[in-house]
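Step one of this worksheet: look at the structure below.
When a ligand or atom number is given, it counts from 1 through the structure's own listing order.
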Amino acid sequence: MAGESRKRKVGLLYDERMCKHDTPDGDDHPECPNRIKAIWEMLQRTGLAQRCVVLGGSKAEDKHLQLVHTKEHVNLVKSLSTKKKDSRRNKIASKLDSIYLNGGSSEAAYLAAGSVVEVAEKVAEGELDCGFAIVRPPGHHAEADEAMGFCLFNNVAVAASYLLNQRPDLGVKKILIVDWDVHHGNGTQKMFWKDPRVLVFSVHRHDGGSFYPTGDDGDYDKVGEGAGEGFNINVPWEQGRRCGDEDYIAVWDHILIPVTKEFNPDLIFLSAGFDAAIGDPRGGCFVTPYGYSVMLKKVCVVFSVLIGLAWFFSPELLQYVISQLMEFAQGKIVMALEGGYNLGSVAKSSLACVQVLLEEKQIQDSFEEYPYESTCRVIEAVRKRLCAYWPSLADELPWEAKTPSSPRCIREAKLTILSIRYKKQAESLRASLEVALEEKAALQTKVVELQGEKLRLQDKYAAEAKEAAEQLTQVSSELREAKIDLDFQRELFKKAGEEKKLLEGRVLKLEAELQQEASDKLRLRISRDRYAAEVKEAAEHLAKVRSELRDVQIDLNLHRKLPKKAKKVM
Ligand code: X5A
Ligand code: ZN
């Protein structure tokens, strides 16, 4: 059976309209339209998109948004599109935390939520095996009644709630939401706080509550309430800005994967922010594309009814089933983009994930280094806090057993090298801190100096401003005169134009008259010529008649004389 597995149907959703959400004045912002463009281009260039089922976005329905949001919040986002001016939207945005709005924001928000619903529905129906909704604005910070942290609607929460509440026919009764965005998914946590049908898992930087979204909500003692108690898991990074693949994989191996096996979800949502990626300007973590692919693969593989059953009977059977199912895991997984602000990192990480969804990537799960000591401590704390709800977290952690092939001496040597490196880092950090402190002191004296300078300059500028104002009045009065002049000239020009038109009319009329006269004259000349010819002819005729008359008279005279002689002759 293995190797004969049917090709996985992977949905990819991309819609250019989600790029319309942008800063109102075109200012640069990390949550920019190019984020989803970069992913889409990468997937097309590598030919992966062509092997997926490509979907266009669709807008969420208000009644689905209202499963997790208040009516007021939905109406506010809806109304953004009808506001004519950016200034109205700017006013709304200024009252919110880390939100910008423009004319395209409403449409993009409806598309982002509706698109995750669309992919989730197709995966739940079995039309797709899994899918990736490449959406923006992101969603996991959005709360029932508030947009925040670049998020307008909580896309993943809307889709999860839709499956549970609107589509019982699809048989999705338990949902796991895995949030690996570097920020805590505060919105998602609140929306399913008391809901045991949705297990919310978020791993994020916490830094003692100083990392966005600041406060205690993301701490590991927040496990849900009422029926939902134990169905919220937070893994907070406390040590600052340097977690990488090993730390995330340790969390997967010792928290997420064992809990997922116990919970045995019918469908998994992945709030896939890529801002813990190496190179991200905000996250400061070091997760590689390979690290993301291992994290995704582990979730895909564990997630199967058969595996759940095998786990129930025996770990040996589980191992066997996993090895048999590696190539055709039944996992229904819906990935939705959240954060991630380095375009290259976001595109490469997405590529690695889609390769896993298509089962076109070999994963060995081997890493060069070990998780941080502090990571082990966080994992232990989380396990202790949650083991009452998830018995598989109760065991003492066998850290050594994690790397049985690695002899202890090598491991210790590696750790020593690492600790030396970190000590050096710490020393250089301390040195740079001292330098920075000195610079700060120098800057503070400079600030005092500059403040004096500022006051002096303010006086000077006030005088200059007064002079400029006077000049301005003068110039504006000159301008007014010039304008009056101009109006006068315009009037003259207009009159000249009218006169010109009048004259042109007259000229036309005269021309017509002249033409008439010319043709009359021509006609006269023709008739005169004809008369002359006739007169000449008449004269000639007369001359002829006269000469004939003369001839006749001569004849007559001759005739008169003739009779005497003729009488004689006859
Ligand atoms: C989705 C996401 C980050 C918000 C940071 C605000 N949001 N400073 O990554
Ligand atoms: Zn984020």
(request) Report the member of Phe150, Tyr341, Phe211 with the shortest heavy-atom distance to atom 2 (C) of ligand 1. (result)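 The option holding the nearest heavy atom is Tyr341.
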So that I know where these two stand, are [X] and [Y] an aromatic pair - ring centroids less than 6.0 Å apart?
| X | Y | answer |
| --- | --- | --- |
| Phe150 | Tyr341 | yes |
| Trp237 | Tyr372 | no |
| His141 | His183 | yes |

(request) Tell me, please: is Glu31 in heavy-atom contact with ligand 1, that is, under 4.0 Å? (result)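 No heavy atom of Glu31 comes that close to ligand 1.
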(request) Report the angle formed at the Zn ion (ligand 2) by atom OD2 of Asp275 and atom ND1 of His183, rounding to the nearest 10°. (result) 100°
State the atoms of ligand 1, each with its element, that fall below the 4.0 Å cut-off from a heavy-atom position in [X].
| X | value |
| --- | --- |
| Pro138 | 1 (C) |
| Ser98 | 6 (C), 8 (N) |
| Arg282 | 8 (N) |
| His183 | 2 (C), 3 (C), 9 (O) |
| His140 | 1 (C) |
| Asp275 | 9 (O) |
| Asp181 | 9 (O) |

(request) Heavy-atom distances under 4.0 Å are what count here, so tell me which part of Val182 touches ligand 1: side chain, backbone, both or neither. (result)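 It is neither; nothing of Val182 touches ligand 1.
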(message) Give me the nearest non-hydrogen protein atom to atom 7 (N) of ligand 1 as residue plus atom name, then the distance to 0.1 Å.
(response) Gly149 O, 3.1 Å
(message) Is there a polar contact, in the sense of an N or O pair closer than 3.5 Å, between Tyr212 and ligand 1?
(response) no
(request) Could you tell me whether a side-chain N or O of Ser349 sits under 3.5 Å from a main-chain N or O of Ser345, the two making a donor and an acceptor? (result)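 Yes, the answer is positive, given that a donor and an acceptor are paired below the 3.5 Å cut-off.
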(message) Taking the cut-offs as 6.0 angstrom to the six-membered ring centre and 45 degrees off its axis, would you call Arg205 and Phe211 a cation-pi pair?
(response)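 Yes, Arg205 and Phe211 form such a contact.
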(request) Please tell me if the side chains of Asp245 and Tyr292 come closer than 4.5 Å, counting only heavy atoms from C-beta onward. (result)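 Contact flag for Asp245/Tyr292 side chains = no.
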(message) One thing to verify: whether Lys298 and Asp253 come together as a salt bridge, which I'm taking to mean a side-chain N less than 4.0 angstrom from a carboxylate O.
(response)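 So Asp253 pairs with Lys298 through a salt bridge.
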